[in-house]
Number of protein chains: 2
Amino acid sequence: MKDIENLNYKELLEEFKILLKESGLKFTTQREVILKTLYKHDTHFSPEDLHRLLRKKFPKLNIGITTVYRTLNLLEKNSLATSISFGSQGKKFELNNKPHHDHLICVTCGKIVEFEDKKIEKKQEKIANEHEFELTGHIMQLYGHCKECQIKDKGID
Amino acid sequence: MKDIENLNYKELLEEFKILLKESGLKFTTQREVILKTLYKHDTHFSPEDLHRLLRKKFPKLNIGITTVYRTLNLLEKNSLATSISFGSQGKKFELNNKPHHDHLICVTCGKIVEFEDKKIEKKQEKIANEHEFELTGHIMQLYGHCKECQIKDKGID
DNA sequence: CTGTGTGCAAACATTTTGCAAGCAG
DNA sequence: CTGCTTGCAAAATGTTTGCACACAG
């Protein structure tokens, strides 16, 4: 798996172009603005949110939701992006250009908070070693109710 | 978060009934068989799979997918169950009546090793608290190469 | 030019909602 | 009896596919 951690936009773009060429695919304006927007906003985007933003910022492009889906899936397939999903609320995507981190996810409103914990990562390594595994990666997602949703759930309703 | 770890079915059922009463909801056959089936099978169920199984095992009930969704959401909202998303497919639900165990997965041969680590669990709680989340569950999956496959991988490939 | 990419509309898949009838309390 | 619950059908939501035209290489 290619390591694109800490790449700046120019490097990322280069990586994307190489990857397209290798697969016999074409570099298009749509694909470019999707990559650029993901890079600039550094958030978890749902396809729908990203699409809305793109239509607003690049009205002339008249970009379709279909293209957004296709490009996000393309990025994920090639390890330039990662999606995290929570069922009915759909997937959210982020670029893989920053150091590894994990996610806290509110099961009520879908809010995502990132966190990083070196001690846990260390412990994971240790567990892997104990079982004679050579680690290549991991998923860790914590699910719960965020502050706002705890209030909502208890107060009214 | 209510602790329902290690409850047997009778206790779990009691907990469910109390919870329903507290919310002014009713105890119905549908809700009962859903709880019981989740308890018995001790797996991650998608709503469709659970629905299919329920229709097969309790044909007279003629249970609707709607009820399955509603009950699973009810259980999750009250922390008796947790839903997680495996990959790109929909949600899967499991009861919270067992201590959470996690998985080490060999990406080559698919072998799965279960493990449990109290320190990591504690740390996760701490992280959640720092972000004012009330935890309901988590996924932690470590991916890597198991001992046997490390040998194989080095030989060939 | 060639074949991939695009937007659109329609198809699909999954989950939620409106409703009339059923049933728990 | 009261009003929550249910199954059904329809709607809403999220995602993919077929197609004809556009465009990168």
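Here is how names work: the chains are called A, B, and so on, in the same order as the sequence lines, proteins then strands, and each is numbered from 1.
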Given 3.5 Å as the limit, does a donor-acceptor pair link the side chain of B/R31 with the main chain of B/T71, or not? no

B/P47 or A/G64, whichever maps to the more 5' nucleotide of DNA chain C: A/G64

Could you state the atom-to-atom distance from CG of A/L20 to C1' of C/dT4 in whole Å? 11 Å

For B/E32 and D/dT5, what is the distance between atoms CD and C1' respectively, to the nearest whole Å? 15 Å

Looking only at heavy atoms, which two atoms of A/E5 and A/K98 are closest? And how far apart? CG-O, 3.8 Å

Name the pairs: protein N/O against N/O of nucleotides 22-25 of chain C, kept only if under 3.5 Å.
from	atom 1	to	atom 2	distance (Å)
C/dA24	O3'	B/F27	O	3.4
C/dA24	N3	B/K26	NZ	3.1
C/dG25	OP1	B/F27	N	3.4

Between NZ of B/K92 and C1' of C/dT14 the distance, given in whole Å, is 15 Å

Roughly how many Å is it from CZ in A/R31 to P in D/dA24, rounded to a whole number? 12 Å

Here the residues of residues 48-60 of chain A within 4.0 Å heavy-atom distance, strictly under, of DNA chain C are none

Please report the distance, rounded to the nearest Å, between CD1 in A/I65 and P in D/dT17. 15 Å

Given C/dT16, is OP1 or OP2 found less than 4.0 Å from the side-chain N or O atoms of B/N73? yes

Here's a test of your reading of the structure: between A/T66 and B/N62, which maps to the more 5' nucleotide of DNA chain D? B/N62

Indicate whether OP1 or OP2 belonging to D/dT16 is found under 4.0 Å from a side-chain N or O atom of A/Y69. no

Show the nearest heavy-atom pair for residues B/E76 and B/F93, with the distance to one decimal. OE1-CE2, 3.7 Å

Do you know which two heavy atoms are closest between B/L135 and B/A128, and how far apart they sit? CG-CB, 3.5 Å

Would A/H101 and A/E94 satisfy side-chain hydrogen bond (donor to acceptor under 3.5 Å, both in side chains), going step by step from the backbone distance to the final call? CA-CA 12 Å; A/H101 57 268; A/E94 65 175 333; 3.1 Å; yes

Any side-chain to backbone donor/acceptor pair from A/Q150 onto A/H145? Under 3.5 Å, distance only. yes

Shortest non-hydrogen contact from A/P99 toward A/N6: CD-OD1, 3.7 Å

Could you walk me through whether A/M140 and B/I139 pass side-chain contact (heavy atoms from CB on, under 4.5 Å), step by step? CA-CA 5 Å; A/M140 178 166 57; B/I139 308 175; over 6 Å; no

Could you state the atom-to-atom distance from NZ of A/K17 to P of C/dG5 in whole Å? 16 Å

Which heavy-atom pair separates A/I127 from B/F115 by the least distance, and what is that distance? CD1-CE1, 3.6 Å

Using a 4.0 Å heavy-atom cut-off across all strands, classify B/I63 as base, sugar-phosphate, or nothing. sugar-phosphate

Can you tell me how far P of C/dC8 sits from CG of A/L61, to the nearest Å? 12 Å

Could you state the CD-C1' distance from A/Q30 to D/dC21, rounded to the nearest angstrom? 14 Å

